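Note sheet for the following structure.
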Number of protein chains: 2
Amino acid sequence: MAQINQRENNRAAELLDAAAVLFAEQGYARTTIREVSSAAGMGPGSAYYHFSSKADMLLAVYEQGVRNVTGEVIRRLDGVEAPWDRLAAALEGHIAAVLAPTAYARVIVTVLPGDVPDVADDLRRQRDAYELVWKGLIGELGTAVDGDLLRLFLLGAANSTQIWFHPGTQTPTEIAGAFVEFLRQPLGQS
Amino acid sequence: MAQINQRENNRAAELLDAAAVLFAEQGYARTTIREVSSAAGMGPGSAYYHFSSKADMLLAVYEQGVRNVTGEVIRRLDGVEAPWDRLAAALEGHIAAVLAPTAYARVIVTVLPGDVPDVADDLRRQRDAYELVWKGLIGELGTAVDGDLLRLFLLGAANSTQIWFHPGTQTPTEIAGAFVEFLRQPLGQS
DNA sequence: GTCTATAAGGCGATAGAC
DNA sequence: GTCTATCGCCTTATAGAC
């Protein structure tokens, strides 16, 4: 789904790469099909051979973004057993995926379902599928606190890194480690 | 600044109220001057008597939003002395301002400076001024952790409430209380 | 101060040549 | 598969009547 044409030797991939970067940097509304096509080295109308509409293009980017961030997270969970270590590893994967300059996952944070009413339900379904991974991770912790609230708290903070992060200061790993420590150790009682 | 005409008995206020709601719900790009004017009971062109441009209207909403959220926070700090109690009170004010259905402060979260390049610097300056309050509150805690990271962590999570909050489940006060407890008490070591 | 009408430009999407 | 040209629509913003 999303793509209308999947034959080989076409340049749908270049279009998607360009769209991912532009959607992430400018948002959906301010990005034009003309920009995406031009960034992929094509004429203004050619994108419509590969995608039936602008929303369809976003859908394809979103699907790839969810695949990427899920992959990053799962990959880092391999062999890690202690629940808090697993949480830290997953958060590292999430933040890395969400900050990588060329990554599709950035779009999941930048473009919210409400921004594109036409396909809002589809986008929401993709986000929900990914959040299941996090429901599991939080559940493993066995804390007494509200797990849903803790998950939303942590992912909200993690996604906000995209707004203020500047390469060269901290690394995604350092940020993820600090965030988990904020939760794990008591910061004070006064 | 921002408004071009401040004489009394005009209806700039109605326009701003309508703009705040629409910008918060639809974002800047998808909201049209026609919608705002119509929501304020005016014809399509009449908004330009009060504001010189769409960006100028956003600027005025932003200014009011920063005033509102700052006011909510300061008001709740009155008489509270213990640093962690002050943090909890401030967070309650922030989240309440950011979730109130008709509040200007919602726009500060919904519309990011990068969304409107024309006035991005101005918007950023207003956000930075507000963050100074939080730098102070975090500093009062006297924790050993990175204060900037803790502030961004907490405000990132607080702002994300606007994405998932549904009235009727939790109250802003409950959410703020839970968030502060996540930081204050250790959640586990396993 | 608000109205209606319209100018000027950009957008998504399509058509048909190659 | 990609090109160029263009349709039709919607936008911000302006002009001039009232």
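Since the model is a prediction, treat every value here as computed from it, not as a measurement. Every chain is numbered from 1, with letters handed out A, B, ... down the list of sequences.
- The side chain of A:S46 approaches D:dC3 more closely than any other nucleotide in the set D:dC3, C:dC11, D:dA13.
- Computed from coordinates, the B:E14 CD to C:dG1 P distance equals 12 Å when rounded to whole Å.
- Within the 4.0 Å cut-off from OP1 or OP2 of D:dT2, at least one side-chain nitrogen or oxygen of A:R11 is found.
- If you find the closest nucleotide of DNA chain D to B:Y28 and to A:G41, the one lying nearer the 5' end belongs to A:G41.
- Remark: P of D:dT11 and OH of B:Y48 are 11 Å apart, rounded to the nearest angstrom.
- Straight-line distance from the NE2 atom of A:H50 to the P atom of D:dC3: 9 Å, rounded to whole Å.
- When the C1' atom of C:dG10 is taken as reference, atom CD of A:E35 falls 12 Å away, rounded to whole Å.
- Rounded to an integer number of Å, the gap from A:M57 CE to C:dC11 C1' is 14 Å.
- Here D:dT4 is the nucleotide among D:dT2, D:dT4, C:dG12 with the atom lying nearest to any side-chain atom of A:P44.
- Residue A:Y49 has its side chain nearest to D:dT2 when only D:dT2, C:dG12, D:dT14 are considered.
- Contact annotation for B:S37: no contact, since no heavy-atom pair falls under 4.0 Å across all strands.
- Distance A:L58 CG to C:dG12 P: 13 Å, rounded to the nearest Å.
- Atom CG in B:D56 sits roughly 13 Å away from atom C1' in D:dA13 (whole-Å rounding).
- Rounded to whole angstrom, the span from the CG atom of B:D118 across to the P atom of D:dT11 amounts to 18 Å.
- Between the side chain of B:W134 and the backbone N or O of B:Y130, no donor-acceptor pair lies under 3.5 Å.
- When each of C:dT2, D:dT14, C:dC11 is scored by its nearest atom to the side-chain atoms of A:T32, the top-ranked nucleotide is C:dC11.
- Among the nucleotides D:dC3, C:dT2, C:dA13, the one closest to the side chain of A:M42 is D:dC3.
- Comparing C:dC3, D:dA13, C:dG12 by their nearest atom to the side chain of A:I33 picks out C:dG12.
- The pair B:E81-B:R86 does not count as a salt bridge, with every side-chain nitrogen at least 4.0 angstrom from each carboxylate oxygen.
- Under the 30°/60° scheme for interplanar angles, the aromatic rings of B:F23 and B:Y28 are found to be tilted.
- Closest to the A:R34 side chain, of the nucleotides D:dT2, C:dC3, D:dT6, is D:dT6.
- The residues A:R125 and A:D128 are annotated as not salt-bridged, no charged nitrogen and carboxylate oxygen being separated by less than 4.0 angstrom.
- Applying side-chain contact (heavy atoms from CB on, under 4.5 Å) to B:L183 and the options B:L154, B:L141, B:L91 leaves one that passes, B:L154.
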